[in-house]
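Inspection log for the structure reproduced underneath, given as structure tokens.
Computed from a prediction, not measured in an experiment: that's the story for all the values here. First listed ligand is number 1; within each ligand, the first listed atom is number 1.
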Amino acid sequence: MTPEFALIDRYFNRPTHDPGVVLGIGDDCALIRSKLGVELAVSTDTLCSGTHFFPDADAEKLGYKALAVNLSDLAAMGATPRFVMLSLTLPSIQDAWLEAFSRGFFALAQRYNVALIGGNTTRGPLSISVTIFGELPAGQGLRRDAAKAGDDIWVSGALGAASLALLHHEAKITLPPNVFRAVEARRLLPTARVELGQALLGAANAAIDISDGLVADLGHVAERSNLQARITRDEVPMHAGLLNLRADQRDACALAGGDEYELCFTAADSARRQITMISEQLGVAVTRIGTMQKHTEGKNSVIVVDGAGQDITPSIRGFDHFQ
Ligand code: ADP
Ligand code: MG
């Protein structure tokens, strides 16, 4: 067996009893069986060394995160994760690294019952690409273009932790050790809101996961839906680690910080009770932060106002230097 096949066999070829996997790892293609009335939601995401993670990043956490960011894309459509493919570009074969990476990857894969059905392995600068397949009842996916005027805008969890950790790494800020540990854990081990996304099918109209920052990602929903999003800064849930920051830095992290993997979604106001119940059942906080409206306040797709209703969008946009 060549080293490449030995590597695949040793670290990634795990038996699956999933009846949807007709043929898994080992052939030219995997074969998957999908049911009538079910749509496949498909997404792919790459993590590159030096761009998405530090070159010395912990391999187990990388294995986890490479899958988590893809699960998050499925969550944002309300899809149920089923199958995954993994493309690895490695500078060399290092058993300790592969062992740790696959441990992190499969820990999360098992939790969501996703089967690894194939991939690719090549030599080169470290990069990890994951393609994920999920299932949706036909026609029910939470699309970006389906927000309605008058919808509430909601966000899950609390924002800003990952970018706060990054500010500390970049020595733009010095955090107390306990705060750094907490926000660094959010950056390295993000929670994909898979169960929330699934529960929102039929309750929410549109959704997106926050990977580039709340304002930027909500802007995609607004643009695709031909609407304007109006959010109140003081309603945006902020991670506790942000409490002692300067106000402008706090806003930068919570409103413009990426790598969050929380869901931002819109829903009719008649769905408020249902959404609150979903949140309580799942133990995932959700917060109402604004409203979708027709373009009534200029051209910006997202308007941010302060507690007094003053438009503070331009200053929020100006925080890009923290990125
Ligand atoms: P081919 O040359 O036909 O593209 P490969 O020799 O690259 O196939 O791969 C052999 C089998 O191993 C295929 O089923 C492929 O999907 C799988 N595979 C390759 N790399 C990985 C990986 N990192 N994780 C999981 N499966 C992999
Ligand atoms: Mg082939």
Compile the donor-acceptor pairs under 3.5 Å between side chains in residues 191-199 and protein atoms, sequence neighbours left out, one pair per line.
from, atom 1, to, atom 2, distance (Å)
Thr191, OG1, Arg186, NH1, 3.1
Arg193, NE, Glu262, OE1, 2.8
Arg193, NH2, Glu262, OE1, 3.4
Arg193, NH2, Glu262, OE2, 3.0
Glu195, OE1, Tyr112, OH, 3.4
Glu195, OE2, Tyr112, OH, 3.4
Gln198, NE2, Thr80, OG1, 2.7

For ligand 1, which atoms sit closer than 4.0 Å to a heavy atom of [X]?
X	answer
Ile25	12 (O), 14 (O), 17 (C), 25 (C), 26 (N)
Asn120	7 (O), 19 (C), 20 (N), 21 (C), 23 (N)
Gly118	16 (O), 25 (C), 26 (N), 27 (C)

- Query: Going hydrophobic residue to hydrophobic residue with side-chain gaps under 4.5 angstrom, can you get from Ile278 over to Leu136?
  - Reply: yes

- According to a 4.5 Å side-chain heavy-atom criterion applied to Ile, Leu, Val, Met, Phe, Trp and Tyr, with indirect links allowed, do Val221 and Val305 form part of one hydrophobic cluster? no

- Message: Would you say that more than 12 heavy atoms from the other residues, nucleotides or ligands in this model lie under 6.0 Å from the CZ of Arg123, or not?
- Response: no

- Message: More than 12 heavy atoms of other residues, nucleotides or ligands under 6.0 Å from CG of Asp269: yes or no?
- Response: yes

- Is there a heavy atom in Phe5 that sits closer than 4.0 Å to ligand 1? yes

- Paired with Asp45, the side-chain contact (heavy atoms from CB on, under 4.5 Å) test is passed by just one of Ile128, Asn70, Val130, namely Asn70

- Can you find an N or O of Ile8 that's nearer than 3.5 Å to an N or O of ligand 1? no

- Message: Below 3.5 Å, N or O to N or O, backbone or side chain included: is there any such pair between Leu88 and ligand 1?
- Response: no

- Query: ligand 1 versus Leu116, non-hydrogen atoms closer than 4.0 Å: side chain, backbone, both, neither?
  - Reply: side chain

